[in-house]
Protein chains: 2
Amino acid sequence: MTEEGTAVVRAVRGRPRSAAADRAIIGAVLRLLERGIGVGALSIEGIAREAGVGKATVYRRWPGKDELLLDVMRALDEPPPEVRGRSVREDLVEILEGLRRKGLAKRDSALLRTMMSHFHSHPRLWQEYHDTVIRARRETLHAVLRRGVAEGEIRADLDVELLGELFVGPMLSRALLHEWRELPEGLSEQIVDGVLDGARPRG
Amino acid sequence: MTEEGTAVVRAVRGRPRSAAADRAIIGAVLRLLERGIGVGALSIEGIAREAGVGKATVYRRWPGKDELLLDVMRALDEPPPEVRGRSVREDLVEILEGLRRKGLAKRDSALLRTMMSHFHSHPRLWQEYHDTVIRARRETLHAVLRRGVAEGEIRADLDVELLGELFVGPMLSRALLHEWRELPEGLSEQIVDGVLDGARPRG
DNA sequence: ACGATACGAGACGGATCCGTATCGTAAGCG
DNA sequence: CGCTTACGATACGGATCCGTCTCGTATCGT
């Protein structure tokens with residue numbers, strides 16, 4: 001957590017920072033966001049209370065709410081899953097399944113919603129979220145699509161960017177703005193096959 | 001604004017409610033949300049200040065923030081555009097163009113983001129937003145798709161629900177969670193044609 | 001004209017949060 | 001051991017908002 005920044009200044013003597021407190025604070029923020037609190041209504045006081053921690057323990061680590069949120073996002077950084085199935089179609093289904101499962105995880109979907117609404121007016125935070133969480137998955141998907149184009153499974157005359165959107169967009173819009181019931185089981189296959197085959201009747 | 005509720009009680013004598021104040025208040029809320037304020041951070045005091053109105057004038061009309069927000073949403077209720085072009089493809093492009101233009105209107109996209117993140121934990125408000133803003137457009141789209149199925153322009157073996165998602169999802173995910181640059185001019189056609197033709201090479 | 005109600009402005013006590021400071025205690029290092 | 005820093009708790013003055021209330025004025029029906 002802001003390691004380099006503080007390591008220069010902090011003396012090595014005395015009682016060391018508690019890693020448990022770090023976890024408690026970040027966990028508290030996630031819990032509050034999950035609960036639908038919203039960044040604007042997040043208070044350091046409330047976070048410390050939820051974490052069972054003194055306010056000073058928060059301020060000792062982060063100068064303010066935005067910096068804390070940056071580290072909350074970094075804490076979510078999981079590498080995107082390796083996909084290399086028997087076919088491009090299989091890989092696409094796999095990627096969408098990952099999104100679907102993430103969409104079901106209240107934590108992630110609440111976080112995404114929060115990021116989108118709050119960070120619209122905080123470009124620096126959005127940039128960080130994008131770089132941390134979104135970009136890697138996006139590039140995994142694009143790699144699969146390029147492989148599909150190379151192997152003849154995917155049309156070569158469409159922009160990879162657009163192709164990615166066609167596959168991911170339907171899943172995201174379902175997860176984000178439809179009723180928040182669980183996304184049905186076979187949805188990933190339906191989307192992948194629908195986009196692959198197209199909406200027009202074939203031959 | 002909550003007409004029926006108050007009309008019963010309010011006497012007809014005395015100075016009437018100012019419609020200008022209604023508009024000022026609702027406009028103020030929209031302006032604040034546009035600015036990225038976030039429902040959690042919205043205060044009646046701030047709204048009244050932004051509207052150039054006394055707090056009592058707000059409380060005279062609405063008992064609280066949630067009820068005010070309901071009327072803000074109702075104020076946005078425009079009937080979805082009539083579409084009946086020369087082809088189903090044309091209608092689909094038209095519908096997506098409408099979404100794209102709305103996505104460009106800061107007002108609407110900021111509002112949608114806000115609704116999504118806040119109303120996740122306020123099902124009643126979401127329900128209202130859904131019924132007011134989303135459902136009509138959704139049914140317009142589904143009607144076009146059903147017409148396409150009937151006329152043979154659209155595959156008959158796919159769920160209309162899923163088909164709609166395939167067309168609308170990509171536009172929404174672009175408007176909602178990618179960089180907030182303007183959506184490019186030809187995007188609607190690209191999406192419609194991409195989904196119609198499919199991602200797999202033909203013939 | 002007159003009575004009734006709405007208006008903008010703002011005072012009010014209570015609540016919450018801000019960021020800082022000060023407790024007594026805990027936990028490392030030499 | 002003694003030194004140093006972190007810990008949870010809590011107090012502090014200042015800020016903002018809550019929802020209600022009271023001003024003096026404005027604008028309607030009668």
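By convention in this document, chain letters (A, B, ...) are assigned in the order of the sequence lines, proteins followed by strands, and residues within each chain are numbered from 1. Just so you know, these numbers come straight off a predicted model, no measurement behind them.
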Should the pair Arg74(A)-Glu128(A) be classified as a salt bridge under the 4.0 Å nitrogen-to-oxygen rule? yes
Are Arg137(B) and Lys102(B) side-chain neighbours, meaning at least one heavy-atom pair lies under 4.5 Å? yes
Donor-acceptor pair between Arg113(A) and Ser117(A) side chains, under 3.5 angstrom: no
Which nucleotides of DNA chain D pair, in dot-bracket form (Watson-Crick or G-U under 3.5 Å, | meaning another strand): ||||||||||||||||||||||||||||||
Side chain proximity check, Arg124(A) to Tyr129(A), heavy atoms < 4.5 angstrom: no
Search all heavy atoms of Ile95(B) against all heavy atoms of Val144(B) and return the closest pair with its distance. CD1-CG2, 4.1 Å
May I have the distance from Arg17(A) (atom CZ) to dT5(D) (atom C1'), rounded to whole angstrom? 9 Å
Ile25(A) CD1 - dC7(D) C1' separation (whole Å): 11 Å
At less than 4.0 Å, is any side-chain N or O atom of Thr57(B) found next to OP1 or OP2 of dG8(C)? Yes or no. yes
Nucleotide by nucleotide, nucleotides 18-30 of chain D touches protein heavy atoms under 4.0 Å in the pattern (B base, S sugar-phosphate only, - none) BBBB----BBB--
Glu50(B) CD to dG8(C) P, straight-line distance once rounded to whole Å: 14 Å
Distance-minimising heavy-atom pair for Ala28(B) and Glu50(B): CB-CG, 3.5 Å
At under 4.0 Å, does any side-chain N or O of Arg49(A) touch on OP1 or OP2 of dC17(C)? yes
Can you see whether His130(A) engages Arg138(A) through a side-chain donor-acceptor pair at a distance of less than 3.5 angstrom? no
Taking the side chain as every heavy atom from C-beta outward, state whether Leu69(A) and Trp62(A) have any pair of such atoms under 4.5 Å apart. no
Separation of atom CG in Asp22(A) from atom P in dA6(D), rounded to whole Å: 12 Å
